[in-house]
Number of protein chains: 2
Amino acid sequence: MSPIGKTQPTGTAGLRDSVLGRDLSFLLARANALTLAAANAALAQHGLKARSYSVLALAADDVRPTQRELAEFLRLDPSQVVALVDELEKRQLVERRTDPADRRANVLVVTDTGRALFARAQESAHAVELGLLAAVTPQDHERLAELLRLLAFPT
Amino acid sequence: MSPIGKTQPTGTAGLRDSVLGRDLSFLLARANALTLAAANAALAQHGLKARSYSVLALAADDVRPTQRELAEFLRLDPSQVVALVDELEKRQLVERRTDPADRRANVLVVTDTGRALFARAQESAHAVELGLLAAVTPQDHERLAELLRLLAFPT
DNA sequence: TATTGTTATACTCTATAACTATA
DNA sequence: TATAGTTATAGAGTATAACAATA
């Protein structure tokens with residue numbers, strides 16, 4: 001039936017030229033799905049997932065974020081942050097400290113072991129990212145990050 | 001405590017300059033989350049979500065994809081495609097036709113009403129996408145799509 | 001009154017395994 | 001023996017509402 005002989009295993013190749021294959025939202029979703037899967041696989045050896053890695057990363061920075069800030073930044077519900085911090089705190093990677101300025105708020109502080117684990121996890125994450133970006137030149141890598149930043153943080 | 005007076009409502013701004021704020025995987029995830037939410041909101045008026053919109057889009061193209069191809073292309077489990085197609089078929093937007101070449105496979109064909117609905121939904125989706133890309137120039141829009149394609153379809 | 005963190009709950013999404021019919 | 005579609009089910013992820021402590 002199809003004019004072109006089906007030499008491909010599954011025949012997905014043809015779909016890339018469809019309308020959807022040019023749709024930015026779809027490309028974003030698919031790129032994210034692949035990246036997330038690869039990241040989770042690489043982080044598993046450290047007992048982390050993309051979510052917990054992100055929380056640990058922000059704690060390891062000396063930003064001292066409150067849980068509310070984490071929720072907003074990571075686009076998570078505050079109740080989800082509770083579970084993530086619970087897990088990291090149980091593993092003694094981070095600590096909750098009540099903010100003296102606002103005693104309702106918890107500020108996240110990384111522990112020494114947390115910082116050490118993050119350093120190792122970051123290496124794994126970075127290696128995976130480089131693998132995914134194999135087809136992208138280094139300057140385009142930065143260009144892509146800039147463009148994504150515009151989408152991720154609309155003023 | 002913080003050196004900078006907290007003039008911002010929540011203080012998320014500082015987190016953007018963190019390590020994570022420069023991480024491509026994170027930017028991808030956040031950009032995707034915002035885009036997906038906006039797309040779903042816009043598609044709701046047509047009784048669609050990003051998922052069902054994608055399936056309808058591929059059916060509306062004359063690619064005649066099998067469900068297996070849809071699953072692979074959309075990174076969904078074949079069982080999820082069943083549910084999506086069930087819903088679209090119940091609304092008479094698409095039809096399942098058994099592929100004469102391989103009678104195990106179902107080929108998706110769009111109906112006239114399906115095509116009409118897709119045209120309207122596509123307009124909504126496109127309008128939303130333009131809104132999200134307000135800070136991106138048209139040529140950068142295309143550049144972003146190209147770079148995302150490299151990530152979304154690794155050879 | 002409003003907000004932070006928390007708990008509980010329900011809902012959606014995702015992943016897995018088993019089954020059928022075709023190949 | 002393998003593959004396409006289907007079904008059922010359990011797990012992960014997400015969203016919502018209500019509550020205690022603090023502002």
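Here is how names work: the chains are called A, B, and so on, in the same order as the sequence lines, proteins then strands, and each is numbered from 1.
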Visitor: CZ of B/R68 versus P of D/dG5: gap in Å, rounded?
Guide: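 So the two atoms are 6 Å apart, to the nearest Å.
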Visitor: For A/R30 and C/dT14, what is the distance between atoms CZ and C1' respectively, to the nearest whole Å?
Guide: 17 Å
Visitor: Partners of B/T111 by side chain to side chain donor-acceptor pair (under 3.5 Å), sequence neighbours excluded?
Guide: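 Side chain to side chain donor-acceptor pair (under 3.5 Å) list for B/T111, sorted by chain: B/T113.
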Visitor: Once salt bridge (charged side-chain N to carboxylate O under 4.0 Å, His left out) is applied, do any residues pair with A/R75, and if so which ones, sequence neighbours excluded?
Guide: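 So A/R75 forms no salt bridge (charged side-chain N to carboxylate O under 4.0 Å, His left out) with any residue.
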Visitor: Please state how far atom CD in B/E87 lies from atom C1' in C/dT12, giving the value in whole angstrom units.
Guide: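 Interatomic distance, CD of B/E87 to C1' of C/dT12: 13 Å.
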Visitor: Any ring-ring contact (aromatic ring centres under 6.0 Å, His included) pairs touching residues 74-96 of chain B, not counting sequence neighbours?
Guide: none
Visitor: Can you list, in residue-number order, the parts of residues 36-62 of chain A that come under 4.0 Å of DNA chain D, counting heavy atoms only?
Guide: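 Going residue by residue through residues 36-62 of chain A, the ones with a heavy atom under 4.0 Å of DNA chain D turn out to be A/K49, A/R51.
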Visitor: To the side chain of B/P78, which of D/dT6, C/dG5, C/dA15 is closest?
Guide: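 So the nucleotide nearest the side chain must be D/dT6.
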Visitor: In whole Å, I'd like the distance from the CG atom of A/L76 to the C1' atom of D/dT16.
Guide: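 In whole Å, D/dT16 C1' and A/L76 CG are 16 Å from each other.
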Visitor: Would you kindly give the CD-to-C1' distance between A/Q80 and D/dT14, to the nearest whole Å?
Guide: 5 Å
Visitor: Between D/dT6 and B/Q67, is there an OP1 or OP2 to side-chain N/O distance shorter than 4.0 Å?
Guide: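 Answer is yes, contact under 4.0 Å.
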Visitor: Please set out all donor-acceptor pairs under 3.5 angstrom arising from side-chain atoms of residues 142-155 of chain A, sequence neighbours excluded.
Guide:
unit_1 : atom_1 : unit_2 : atom_2 : d
A/R143 : NH2    : B/D140 : OD1    : 2.9
A/R149 : NH1    : B/G21  : O      : 3.4

Visitor: Listing request: all ring-ring contact (aromatic ring centres under 6.0 Å, His included) pairs with a residue in residues 116-143 of chain B, at least two apart in sequence or in separate chains.
Guide: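 Checked against ring-ring contact (aromatic ring centres under 6.0 Å, His included) - neighbours excluded - the pairs reaching residues 116-143 of chain B are B/Y53-B/F118.
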Visitor: Hey, does the side chain of B/R96 come within less than 4.0 Å of D/dT6's phosphate (OP1/OP2), counting only N and O?
Guide: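 Checking B/R96 against D/dT6: at least one side-chain N or O falls below 4.0 Å of OP1 or OP2.
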Visitor: Taking protein heavy atoms under 4.0 Å as touching, what does nucleotides 17-23 of chain C look like 5' to 3' if B marks base contact, S marks sugar-phosphate-only contact and - marks none?
Guide: ----BBS
Visitor: Give me the atom names and distance for the closest heavy-atom approach of B/V94 to B/A59.
Guide: CG1-CB, 3.9 Å
Visitor: What is the separation between atom CD on A/E89 and atom P on C/dG5, rounded to the nearest whole Å?
Guide: 13 Å
Visitor: Expressed in angstrom and rounded to an integer, what is the separation of B/L84 atom CG from C/dT12 atom C1'?
Guide: 12 Å
Visitor: When you group the ILVMFWY residues by side-chain heavy-atom contacts below 4.5 Å and let the links chain together, are A/L76 and A/L48 in the same group?
Guide: yes
Visitor: With sequence neighbours left out, write down each residue that passes side chain to side chain contact (heavy atoms under 4.5 Å, CB included) with A/R104, or none if nothing qualifies.
Guide: A/D102
Visitor: With ILVMFWY side chains joined below 4.5 Å, transitively, what does B/V82's cluster contain besides itself?
Guide: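 Other cluster members: none.
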Visitor: Taking CG from A/L70 and P from C/dT3, how many angstroms apart are they, rounded to a whole number?
Guide: 19 Å
